[in-house]
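Worksheet: one structure, shown below.
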Amino acid sequence: MSRHRRILASFALALTVVSAGAAAAAPPIWVVKDKDSEIVLFGSIHVLPANLDWEPPALDRALKSADDIWFELPIDPQSEAYTSVLAQQMGVLPPDGSLFKLLPPADAALMSQVAATYQVSPLVLDRLKPWLAEIALAGGAYRKVGADATTGVEKTISAMATPNAKRQAFETPAEQIGMLSAGSSDEQVASLRETLHEMADKPDEYAVLVKAWMNSDIATLDAEALEPLRKASPELFKRLVSDRNARWTQVLDARMKGHGKTVVVVGVGHLIGPDGVPAKLRALGYSVTGP
């Protein structure tokens, strides 16, 4: 999987596979406790198909009593608009630049094929740096099946929560866009190449991930979403996963030293495996229950 799909879980949807058996399933939840604090950790897939019944009752109960809710980024129109502006500033090639010319011929031909399949304008792609082109292609895959971020976890949870719960964010739009755009040109091209091959050859892979998420299948999520990145690019894994998890764990450790009830909603890849936030909090001595 490419780096953006590991973070954003972005790819084409096969709705019949995702929906099969979903009614009796529920995504994973972890609960962290000490004598006067509780944190409920919920792993997100940022874009979901409409009409997927994913909300676990335990999450609903936690939201009703939460004092604060933490997201990766602020969930508000102003932050979304600013993120879009930053992406345009940092993700567009110079006026004389061309992504198709930047890519080797075989990759350029494959991008033309994938763009046609997912109805993404090649004129738009040609103006983008590789990292932003990946995101644009993922958006095309979503549109093809009628899914978008408005049906995703974060906005739904923010709307579900009591107005009294304080909304917090681990990162700013500038920090997250900076991380996504930080790779070298070679690294970005290699990541785009991997995404192009996956979109061409594995159109059902996102459905596999969502089905695993709906069934709390941590082993499959780890194997499909994290292990390839650990092996292929340990430095990239460190920058985009491990280092962020460590920073977020420090924030939550400080929160646990206070008192009250907190809900945390971040990409599910940040909550699984030995580098995940639950494992790091458990290593600090907190009681952590979950899959």
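- The heavy-atom pair separating Pro173 from Leu73 by the smallest distance is N-CD2, 3.7 Å.
- Under the 3.5 Å distance criterion, the side-chain polar atoms of Arg193 are left unmatched by any main-chain donor or acceptor of Val189.
- Residues Leu86 and Gln89 are in side-chain contact: their nearest non-hydrogen atoms beyond the backbone lie under 4.5 Å apart.
- Taking the six-membered ring for Trp and thresholds of 30 and 60 degrees, Trp54 and Trp213 have ring planes inclined between 30 and 60 degrees apart.
- The pair Arg61-Glu38 does not count as a salt bridge, with every side-chain nitrogen at least 4.0 angstrom from each carboxylate oxygen.
- The OG1 atom of Thr156 sits 8.0 Å away from atom CG of Leu48, with the distance rounded to the nearest 0.5 Å.
- The pair Lys257-Asp253 meets the salt-bridge criterion, since a charged nitrogen lies less than 4.0 angstrom from a carboxylate oxygen.
- Under a 3.5 Å cut-off, the side chain of Ser79 and the backbone N or O of Ile75 do not form any donor-acceptor pair.
- The distance from the CG atom of Leu271 to the CZ atom of Phe42 is 9.5 Å, given to the nearest 0.5 Å.
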Pair Ile39-Met256, side chain to side chain contact (heavy atoms under 4.5 Å, CB included): steps then yes or no: CA-CA 8 Å; Ile39 296 178; Met256 290 294 291; 3.5 Å; yes
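- Looking at every heavy atom in both residues, Glu175 comes nearest to Phe170 through OE1-O, 4.2 Å.
- The CG atom of Leu132 sits 11.0 Å away from atom CE of Met90, with the distance rounded to the nearest 0.5 Å.
- Here the CD1 atom belonging to Ile177 is positioned 6.0 Å from the CD1 atom belonging to Ile135, to the nearest 0.5 angstrom.
- What you find for Trp30 and Gly290 is that their closest heavy atoms are CD1-CA, 3.8 Å.
- Ionic pairing of Lys155 and Glu80 is present here: one or more N-O contacts between side-chain nitrogen and carboxylate oxygen are shorter than 4.0 angstrom.
- Here the closest non-hydrogen pair linking Leu41 and Pro278 is CD1-CG, 3.8 Å.
- In terms of heavy-atom proximity, Pro28 sits nearest to Ser216 at N-OG, 3.2 Å.
- Of the possible polar contacts, none joining the Ser287 side chain to the Lys33 backbone as a donor-acceptor pair under 3.5 Å is found.
- Inspection of the Ser191 and Glu134 side chains reveals an N or O donor paired with an N or O acceptor under 3.5 Å.
- Under the 4.5 Å side-chain criterion, counting only non-hydrogen atoms from C-beta, Val268 is not in contact with Leu209.
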Under the side chain to side chain contact (heavy atoms under 4.5 Å, CB included) rule, what do Val32 and Val277 come out as? Steps first, then yes or no, please. CA-CA 10 Å; Val32 187; Val277 173; over 6 Å; no
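- Distance alone, capped at 3.5 Å, is enough to place a donor-acceptor pair between the Arg127 side chain and the Gly97 backbone.
- Considering CZ of Arg244 and CE of Met179, their distance stands at 4.0 Å, rounded to 0.5 Å.
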Walk me through whether Val251 and Trp70 qualify under side chain to side chain contact (heavy atoms under 4.5 Å, CB included). CA-CA 10 Å; Val251 173; Trp70 287 79; 3.6 Å; yes
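- Two residues are said to be in side-chain contact when any heavy atoms from C-beta on lie closer than 4.5 Å; Leu102 and Pro130 meet this criterion.
- Under a cut-off of 6.0 angstrom, the local environment of OH in Tyr286 is crowded, with over 12 non-hydrogen atoms contributed by other residues, nucleotides or ligands.
- Here the closest heavy-atom approach between residue Leu93 and residue Asp126 is recorded as CD1-O, 3.5 Å.
- Donor-acceptor pairing under 3.5 Å is recorded for the side chains of Ser44 and Glu154.
- Of the possible donor and acceptor atoms, one in the side chain of Asn245 sits under 3.5 Å from a partner among the backbone N and O of Asp275.
- A 4.5 Å side-chain heavy-atom check between Asp107 and Leu192 finds every atom pair outside the cut-off.
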Please report the C-alpha distance between Leu110 and His197 in whole Å, then the side-chain angles of each, then the deciding distance to 0.1 Å, and finally whether the side chain to side chain contact (heavy atoms under 4.5 Å, CB included) criterion is met. CA-CA 8 Å; Leu110 183 58; His197 281 285; 3.7 Å; yes
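- A donor-acceptor distance shorter than 3.5 angstrom exists from the side chain of Gln188 to the backbone of Gly183, with no hydrogens or angles considered.
- Checking side-chain atoms of Gln176 against main-chain N and O of Glu171 turns up no donor-acceptor pair under 3.5 Å.
- By the 4.5 Å heavy-atom criterion applied to side chains, Pro56 and Pro27 are counted as neighbours.
- Comment: Asp76 does not engage Arg167 in a salt bridge, judged by the lack of any side-chain N to carboxylate O separation of less than 4.0 angstrom.
- Thr249 OG1 to His270 NE2: the interatomic distance, rounded to the nearest 0.5 Å, is 11.0 Å.
- Panel note: side chain Asp68, backbone Lys166; no donor-acceptor pair is recorded below 3.5 Å.
- Note on Leu180 and Val92: same hydrophobic cluster, where clusters join Ile, Leu, Val, Met, Phe, Trp and Tyr whose side-chain heavy atoms are under 4.5 Å apart, directly or indirectly.
- In this structure, Leu103 and Met111 have side chains that are in contact, with non-hydrogen atoms separated by less than 4.5 Å.
- Here Asp222 pairs with Arg230 in a salt bridge; the nearest charged N to carboxylate O distance falls below 4.0 Å.
- Residues Lys261 and Asp67 are not paired through a salt bridge, judged by the lack of any N-O separation under 4.0 Å between the basic side chain and the carboxylate.
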